[in-house]
Amino acid sequence: MASVCSLSPLCFLSPYAQARSNRPRKQLTPKNPNTKNLNTINAPPLSSVSGGQATTFTRLPPKDDFFIPYDSSSEIKLSDLVVPTHKQKKLNKPKIEDDAEIDSDSDEEDSGFDYGKFELYEVNSDDECDDEEYVADELGFENEGEELELEEDEREKEKGVPAVMRCFDRAKIYVRSGDGGNGVVAFRREKFVPLGGPSGGDGGRGGNVYLEVDSSMNSLLPFRNSIHFRAGRGGHGQGSKMNGAKGEDVVVKVPPGTVVRAAGKDGVPGDVLMELLYPGDRALLLPGGRGGRGNASFKSGTNKVPRIAENGEEGPEMWLELELKLVADIGIVGAPNAGKSTFLSVISAAQPNIANYPFTTLLPNLGVVSFDYDASIVVADLPGLLEGAHRGFGLGHEFLRHTERCSALVHIVDGSSQQPEYEYDAVRLELEMFSPEIAEKPYVVAYNKMDLPDAYEKWESFQKNLQLRGIDPFCISAINRQGTRELITAAYELIRQTIEDKKDEIWREPAHFGHVAEMVKKQRTAPINEFEISHDISSNTWHVEGAGLQRFVQMTNWRYMDSDRRFQHVLEACGVNKSLIKRGVKEGDTVIIGEMEMVWHDSPNNSGPNRKISTDSVKWADWK
Ligand SMILES: Nc1nc2c(ncn2[C@@H]2O[C@H](COP(=O)(O)OP(=O)(O)OP(=O)(O)O)[C@@H](O)[C@H]2O)c(=O)[nH]1
Ligand SMILES: [Mg+2]
């Protein structure tokens, strides 16, 4: 009895792969004229994914435009700082008296701010359709249907988040390694060299797909514009035993801290394939297909004139989901406009945007801080946190998960705000609500803007308040660089041991990224005699499935004479014919192996087991 064992399908078979497997099959003996239709089935379009449109987005208006007068009787909420939207502004307009309206208009002109471009920041937009379309477009989903299946709360989260931020730390890309080049049939013909023999060269190997960490990148934004990465195909073999050239490799550059997943389905995230954390990390993801052998490679003692050559092996493909989690040692958190970016700019060479209004920072900034004693740490400045951030309100939530890898936090409090203690508590609460793990990280508190009289006056009460809770806050003036050195040194002290441990870890255990490529190679070497047969009684169709067999079918080049003979021989040798007969295959039944559809014929000369799969309809090349 033929060996029958279950084979696991390629775990990363993508929709595109499925589309390819639906291609019209080679039909050797059409059962009836109608079966020709099989050849005219159009494969679905390779992909409907577009890289997304570039989006114009502008800064928020100066803080003065939406300044809320301080009412000492009521508590101030951080969320009060939420910027009025274009629509809200419009709605408010009729209530404003004429003079005021003229003033506000002129303010708008003066500030040069175009509120028309500001719609992206709307949190409660009614314009659902636009938003959905926009999200589908920018996220680069394969089709809109897939995006529309997003959970309702997912959609809520996406609202009001500019596209540039949505794409900053997540991307979906398609990678495909190169197909191998085809081998050729050629014979040496040379004066004075009679019977030169076969000289067809092998095809070249397809290009590989690599993933590599590029330390100069700090976001996944480049994947907004290009999401398809295909390695080059191997060159075809040529006469005179010339082998084809190797296909060009493709190196996909990702920022440090990128988590790579196989693309998920139906909202279920795929498996994590690897984490590329440090500059220099490089992974061979998909090895290129093997080149097909030319007829020179088939020469043997019994067949000195082989008229056979193989197709190149198809390169594997997959969709990947990339997620960026910054690799920073210290994360700077705080309310909007607290001076986080200013602090980063004075302790490192980073030059983040700094301005006197909330949400100047829309994407995290990284800076490297060097200490005298030959040590350096990476510090991340995150967008400001608002009350309700843990529910996705504001911008900071999008980036809070970047603090997961930080060893410590620096919490900056705006001393000039109306209630610094309240601001401090609200941000702490947000951190706790978002993730208890983040809240448990060691942190230092810095009371900023001490140079301002407002802040200076409130410092003592703030300090006392925190000291009562066992926290000793620092006071700094980031803009004047006062107290900043002490602050970052204190933060460094918190994590010194962790950093040193981490360095040792990297030194001891070089990461191993080759497992995906190994899995691909393992599937390629699947034995040809491991297959599974299923029977569809209604259509009298037999499906023979096995990775080794399918690969063999794909690499068989039917243009050459000896291919059919070899194919039949392999089917006999690996037990396919025997198994089919045992299962009761009948004259005229359809047999499908890989992409090949055939018709079973009982041989007229022999009865019993001497049957074969006919390939009568193949048109052979004319050989002289
Ligand atoms: N007077 C004074 N102003 C400061 C100080 N630090 C920052 N600022 C000002 O505060 C404003 C906000 O500073 P940013 O560094 O952009 O604040 P941020 O916390 O990064 O703000 P977002 O990125 O919007 O969350 C800017 O106008 C700074 O010049 C300080 O120590 N003293
Ligand atoms: Mg900032």
Side-chain angles (χ1 to χ4, degrees), residues 57-67 78-83 111 113 118 121 160-162 164-165 168 218-219 326 328 330-367 379-389 393-400 402-403 409-418 420 423-424 426-427 430-431 444-459 462 473-488:
F57 77 97
T58 52
R59 299 208 166 285
L60 299 183
K63 190 178 181 181
D64 294 349
D65 284 7
F66 49 88
F67 180 72
L78 289 175
S79 48
D80 290 343
L81 288 177
V82 173
V83 184
S111 66
F113 184 76
F118 197 53
Y121 291 92
V161 182
V164 70
M165 289 163 46
F168 158 79
N218 67 353
S219 82
L326 294 179
I330 291 177
I332 308 175
V333 294
N337 218 36
K340 301 179 292 296
S341 305
T342 312
F343 176 62
L344 180 74
S345 72
V346 298
I347 57 169
S348 72
Q351 295 181 329
N353 286 337
I354 297 169
N356 192 18
Y357 50 82
F359 302 120
T360 314
T361 305
L362 295 174
L363 303 175
N365 299 301
L366 288 182
V379 181
D381 157 39
L382 301 176
L385 291 174
L386 284 179
E387 192 180 315
F393 196 69
L395 311 178
H397 171 268
E398 289 296 310
F399 308 105
L400 266 183
H402 294 301
T403 56
L409 303 177
V410 172
H411 183 161
I412 301 225
V413 179
D414 183 353
S416 68
S417 70
Q418 283 132 9
E423 181 190 297
Y424 168 79
V427 170
E430 286 314 319
L431 292 176
V444 282
V445 180
Y447 182 89
N448 190 24
K449 307 196 183 177
M450 271 296 273
D451 54 296
L452 296 178
D454 256 10
Y456 186 79
E457 280 164 21
K458 288 179 229 152
W459 160 243
F462 180 83
F474 285 75
C475 63
I476 61 167
S477 169
I479 211 164
N480 295 332
R481 297 172 180 251
Q482 285 170 346
T484 50
R485 187 81 196 166
E486 290 78 1
L487 175 62
I488 195 63

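Both counts, for ligands and for their atoms, begin at 1 and track the order of listing. Remember, it's a predicted structure, so these values are computed and weren't measured experimentally.
Among all non-hydrogen protein atoms, the one lying nearest atom 20 (O) of ligand 1 is Ser341 OG, 2.7 Å. Looking at atom 31 (O) of ligand 1, its nearest protein heavy atom turns out to be Ala478 N, 2.9 Å. Distance from atom 12 (C) of ligand 1 to its nearest protein heavy atom, with residue and atom name: Asn337 OD1, 3.0 Å. Looking from atom 10 (O) of ligand 1 to the surrounding protein, the closest heavy atom is Lys449 NZ, 3.1 Å. For atom 23 (O) of ligand 1, the nearest non-hydrogen atom of the protein is Thr361 OG1, 2.7 Å. Nearest non-hydrogen protein atom to atom 25 (O) of ligand 1 is Lys340 NZ, 2.9 Å. Of all protein heavy atoms, the one lying nearest to atom 29 (O) of ligand 1 is Ile479 CD1, 3.6 Å.
Remark: Ile476 CD1 to Ile347 CD1 distance equals 9.0 Å, nearest 0.5 Å. For the atom pair CG of Asp451 and CD1 of Ile479, the computed distance is 6.5 Å after rounding to the nearest 0.5 Å. Annotation: the span from Met450 atom CE to Glu457 atom CD amounts to 11.0 Å, rounded to 0.5 Å. Here the OG1-CD1 distance, from Thr342 to Ile354, works out to 4.0 Å after rounding to the nearest 0.5 Å.
Across Gly367 and Ser348, no two heavy atoms sit closer than the pair CA-OG, 3.7 Å. The two residues Gln418 and Lys458 have their closest heavy-atom pair at O-NZ, 3.8 Å. Between Ser341 and Pro352 the shortest heavy-atom distance is O-CG, 3.5 Å. In terms of heavy-atom proximity, Lys340 sits nearest to Asn337 at NZ-N, 4.2 Å. Of all heavy-atom pairs between Ala335 and Val427, the closest is N-CG2, 3.7 Å.
Applying the 4.0 Å criterion to heavy atoms of Pro336 picks out, from ligand 1, the atoms 25 (O). Each of the atoms 6 (N), 7 (C), 13 (O), 14 (P), 15 (O), 28 (C) of ligand 1 lies under 4.0 Å from some heavy atom of Thr342. Remark: ligand 1 atoms within the under-4.0 Å shell around heavy atoms of Gly339 are 7 (C), 13 (O), 14 (P), 15 (O), 17 (O), 18 (P), 19 (O). Near Leu452, with a cut-off below 4.0 Å to any heavy atom, the atoms of ligand 1 are 1 (N). Within the listing of ligand 1, atoms 31 (O) sit less than 4.0 angstrom from a heavy atom of Ser477.
Every N/O-N/O distance between Pro383 and ligand 1 stays at or above 3.5 Å.
When heavy-atom distances to ligand 1 are checked against a 4.0 Å cut-off, Asn448 comes that close only through its side chain, counted from C-beta outward. Contacts between Ala355 and ligand 1 below 4.0 angstrom, taking non-hydrogen atoms only, involve the backbone exclusively.
Comparing heavy-atom distances from atom 32 (N) of ligand 1 across Asp451, Leu382, Asn480 singles out Asp451 as nearest. Distances from atom 27 (O) of ligand 1 to the heavy atoms of Asn353, Asn356, Asp454 put Asn356 nearest.
Near-neighbour remark for the Mg ion (ligand 2): protein N, O or S atoms under 2.8 Å are Ser341 OG, Thr361 OG1; waters not counted.
Between Ser477 and Asn480, the side chains place a donor N or O and an acceptor N or O closer than 3.5 Å (distance only, hydrogens not considered).
Note: Tyr447 and Trp459 have tilted aromatic rings, judged against thresholds of 30 and 60 degrees for the angle between ring planes.
The backbone N or O of Ser417 sits nowhere less than 3.5 Å from a side-chain atom of Lys449 that would complete a donor-acceptor pair. Remark: the backbone N or O of Ala338 is paired with a side-chain donor or acceptor of Asn448 at under 3.5 angstrom.
Each of Asp381, Leu382, Val379 was scored for a side-chain contact (heavy atoms from CB on, under 4.5 Å) with Asn365, with one residue passing: Asp381.
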